[in-house]
Enquirer: 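My questions will all concern the structure given below.
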Amino acid sequence: MQMCDIGGLRLNYRIDGPEDGAPVVFANSLGTDLRLWDDVVARMPDGLRMLRYDKRGHGLSDCPPPPYSMGTLVTDAEKLMDALGFREAIFVGLSIGGMIAQGLAAKRMDLVRAMVLSNTAAKIGTRDMWEDRVAQIEEGGIAAISAGTMERWFAKPFYQTSGFPAWQHMLERTPQPGYIGCCQAIAGSDFMTPTSGLRLPVLGIAGSEDGSTPPDLVRETVDLVPGSRLEIIRGTGHLPCVEKPDEYAALLTEFFRAQGAI
Ligand SMILES: O=C(O)CC1=CCC(=O)O1
């Protein structure tokens, strides 16, 4: 783990792989930290320089008071990549991380040469839905949304695994201001128009049982970019990189190979 000061805000990040490896960036979802990618990074082939980070208000990164805007989250990723010398990367974004990917690709084509849009969409939920979620948290803390979130994150069989409690704990220990700030950023975001204008290789990944961004929603966004492709990982929810890391890493590896990154 290392900290990068991007101008008054410290972001926690980690880089795996050789300095001369092909650059890859992973951006995780609401209520998770960079450990979301542990099992996938461990399965990726040699020759990749893989950066992952905790977005503001999450993990070990600083947690300024909310609200946050999506533009700010995109700028954080941009500043981090500039500071660490990541250019022309393949950007893998899951959920809100996939929204950051879309915003960054539209803003800085020099930073993003291909994208994996995993369990995400140009627009996730409605403003009312996010306002309701924030109100629930303000009243009862993140614990108040924990059970419902687990139902969206995971397919039923995962509940029986020894790994399950740690993921629920990761959600519940997310700083409340950071979680709320990111809800507000998602509530105000719609990438339909900017994403339709993107021309770069895109792989979409969806989970068949995803209760937050079901496959048809992911498909609608992925289809905005000509030549893109969607893969559905059966028997997984919103976090297929956790539930089926072998399948997830195999999809990334195949896509990275097609881009000449490995
Ligand atoms: O909590 C959820 O519903 C899942 C989710 C939506 C956006 C995100 O990043 O995670």
Side-chain angles (χ1 to χ4, degrees), residues 1-14 25-38 51-84 91-104 107 118-121 123-125 127 129-146 148-150 152-153 166-191 212-213 238-239 241-242:
M1 305 287 183
Q2 294 182 72
M3 299 299 276
C4 181
D5 190 325
I6 57 163
L9 185 94
R10 285 163 308 163
L11 292 180
N12 177 48
Y13 71 94
R14 175 176 169 149
V25 182
F26 291 91
N28 34 281
S29 57
L30 185 62
T32 65
D33 64 39
L34 54 70
R35 288 172 291 183
L36 182 71
W37 303 106
D38 280 354
L51 165 66
R52 43 196 165 128
Y53 70 102
D54 293 334
K55 65 188 158 297
R56 61 172 63 210
H58 283 68
L60 299 181
S61 290
D62 283 343
C63 181
Y68 307 160
S69 73
M70 189 58 69
T72 302
L73 298 178
V74 169
T75 303
D76 289 349
E78 180 185 7
K79 286 184 176 171
L80 182 68
M81 288 178 71
D82 279 338
L84 300 175
F91 200 105
V92 183
L94 191 146
S95 203
I96 188 174
M99 298 181 110
I100 293 169
Q102 293 169 70
L104 190 62
K107 187 178 180 188
S118 176
N119 307 80
T120 191
K123 180 171 163 47
I124 302 179
R127 187 174 283 280
M129 187 206 99
W130 289 108
E131 282 173 0
D132 281 355
R133 195 182 295 191
V134 168
Q136 257 183 293
I137 294 168
E138 281 170 346
E139 202 180 315
I142 292 189
I145 57 143
S146 176
T149 301
M150 292 304 110
R152 295 188 298 275
W153 277 11
W167 292 100
Q168 186 159 22
H169 187 59
M170 185 185 283
L171 169 74
E172 291 177 358
R173 67 191 293 283
T174 303
Q176 188 167 315
Y179 189 98
I180 287 177
C182 287
C183 289
Q184 290 162 331
I186 298 170
S189 298
D190 183 345
F191 283 104
S212 297
T213 51
H238 194 56
L239 305 181
C241 52
V242 171

Enquirer: Say whether, by atom type as modelled, one donor and one acceptor occur between the side chain of D33 and the main chain of D54 under 3.5 angstrom.
Expert: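 It does not hold such a pair.
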Enquirer: Holding to side chain to side chain donor-acceptor pair (under 3.5 Å), I want the full list of residues that pass it with Y179, two or more places apart in sequence or in another chain.
Expert: R133
Enquirer: Run the numbers on H58 and C182 for side-chain contact (heavy atoms from CB on, under 4.5 Å), then give the verdict.
Expert: CA-CA 9 Å; H58 283 68; C182 287; 3.6 Å; yes
Enquirer: Tell me if a side-chain donor or acceptor on T174 pairs with a main-chain N or O of M170 at a distance below 3.5 Å.
Expert: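 Checking the backbone N and O of M170 against the side chain of T174, a donor-acceptor pair under 3.5 Å is found.
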Enquirer: Between S29 and H238, does any side-chain donor sit less than 3.5 Å from a side-chain acceptor?
Expert: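 The answer is no; no qualifying pair exists.
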Enquirer: What's the shortest heavy-atom distance between F191 and G103, and which atoms?
Expert: CE2-CA, 3.4 Å
Enquirer: Do W153 and V242 come within less than 4.5 Å of each other through their side chains, counting heavy atoms only?
Expert: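 W153 does not reach V242 side chain to side chain.
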Enquirer: For the residue pair L11 and K79, establish whether any side-chain heavy-atom pair is separated by less than 4.5 Å.
Expert: no
Enquirer: Pick from D62, D5, D76: which one makes a salt bridge (Lys or Arg N to Asp or Glu O under 4.0 Å) with R10?
Expert: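 For R10, the salt bridge (Lys or Arg N to Asp or Glu O under 4.0 Å) test succeeds with only one of D62, D5, D76, which is D62.
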Enquirer: So how far is it from S69 OG to I186 CD1, rounded to the nearest 0.5 Å?
Expert: 12.5 Å
Enquirer: Roughly how far apart are Q184 CD and W130 CH2, rounded to 0.5 Å?
Expert: 11.0 Å
Enquirer: Does R35 CZ have over 12 foreign heavy atoms under 6.0 Å away?
Expert: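 For R35, atom CZ is not crowded (no more than 12 foreign heavy atoms under 6.0 Å).
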Enquirer: Please assess Q102 against T120 for the test side-chain contact (heavy atoms from CB on, under 4.5 Å), listing each intermediate value before the final yes or no.
Expert: CA-CA 10 Å; Q102 293 169 70; T120 191; 4.1 Å; yes
Enquirer: Nearest 0.5 Å, please: how far is CE in M129 from SG in C183?
Expert: 7.5 Å
Enquirer: Ignoring hydrogens and angles, tell me if any N or O in the side chain of Q168 forms a donor-acceptor pair with the backbone of T149 under 3.5 Å.
Expert: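 Checking the backbone N and O of T149 against the side chain of Q168, no donor-acceptor pair under 3.5 Å is found.
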Enquirer: Do L36 and W167 come close enough that some side-chain heavy atom pair is under 4.5 Å?
Expert: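 Heavy-atom side-chain distance check passes, below 4.5 Å.
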Enquirer: Ignoring hydrogens, what is the shortest heavy-atom contact between C63 and P177? Give both atom names and the distance.
Expert: SG-CB, 4.0 Å
Enquirer: Taking it one step at a time, do L73 and M99 satisfy side-chain contact (heavy atoms from CB on, under 4.5 Å)?
Expert: CA-CA 9 Å; L73 298 178; M99 298 181 110; over 6 Å; no
Enquirer: For L94, run the side chain to side chain contact (heavy atoms under 4.5 Å, CB included) check against N119, L30, N28 and tell me which one passes.
Expert: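 Filter result, single survivor: N119.
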Enquirer: Taking all non-hydrogen atoms of both residues, which atom of I96 and which atom of M70 are closest, and how far apart?
Expert: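 Closest heavy-atom pair between I96 and M70: CG1-CE, 4.0 Å.
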Enquirer: As an exercise, state the distance from CG of L84 to CD1 of I6, rounded to the nearest 0.5 Å.
Expert: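 Rounded to the nearest 0.5 Å, the CG-CD1 separation comes out at 10.0 Å.
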Enquirer: Can you name the side chain to side chain donor-acceptor pair (under 3.5 Å) partners of K107, sequence neighbours left out?
Expert: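 Partners of K107 by the side chain to side chain donor-acceptor pair (under 3.5 Å) criterion, ordered by chain and then number, come out as T75, E78.
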Enquirer: Should F91 and M81 be marked as a side-chain contact (heavy atoms from CB on, under 4.5 Å) after you check the CA-CA gap, both sets of side-chain angles, and the distance that decides it?
Expert: CA-CA 11 Å; F91 200 105; M81 288 178 71; 4.0 Å; yes
Enquirer: Below 4.0 angstrom, N of the basic side chain to O of the carboxylate: do R52 and D38 qualify?
Expert: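 Judged by the 4.0 Å cut-off on N to carboxylate O distance, R52 and D38 do form a salt bridge.
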Enquirer: Please round to the nearest 0.5 Å and tell me the distance separating atom CG of L34 and atom CG of N12.
Expert: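 Nearest 0.5 Å value for the CG-CG distance: 5.5 Å.
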Enquirer: For R127 and G188, work out which heavy atoms get closest and say how close.
Expert: NH2-CA, 3.5 Å
Enquirer: Once ring-ring contact (aromatic ring centres under 6.0 Å, His included) is applied, do any residues pair with F26, and if so which ones, sequence neighbours excluded?
Expert: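 Partners of F26 under the ring-ring contact (aromatic ring centres under 6.0 Å, His included) test: W37.
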Enquirer: How close do R56 and L9 get, heavy atom to heavy atom, and via which atoms?
Expert: NH2-CD2, 3.7 Å
Enquirer: Nearest 0.5 angstrom please: L60 CG to M3 CE, how far?
Expert: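 Here the interatomic distance stands at 6.5 Å.
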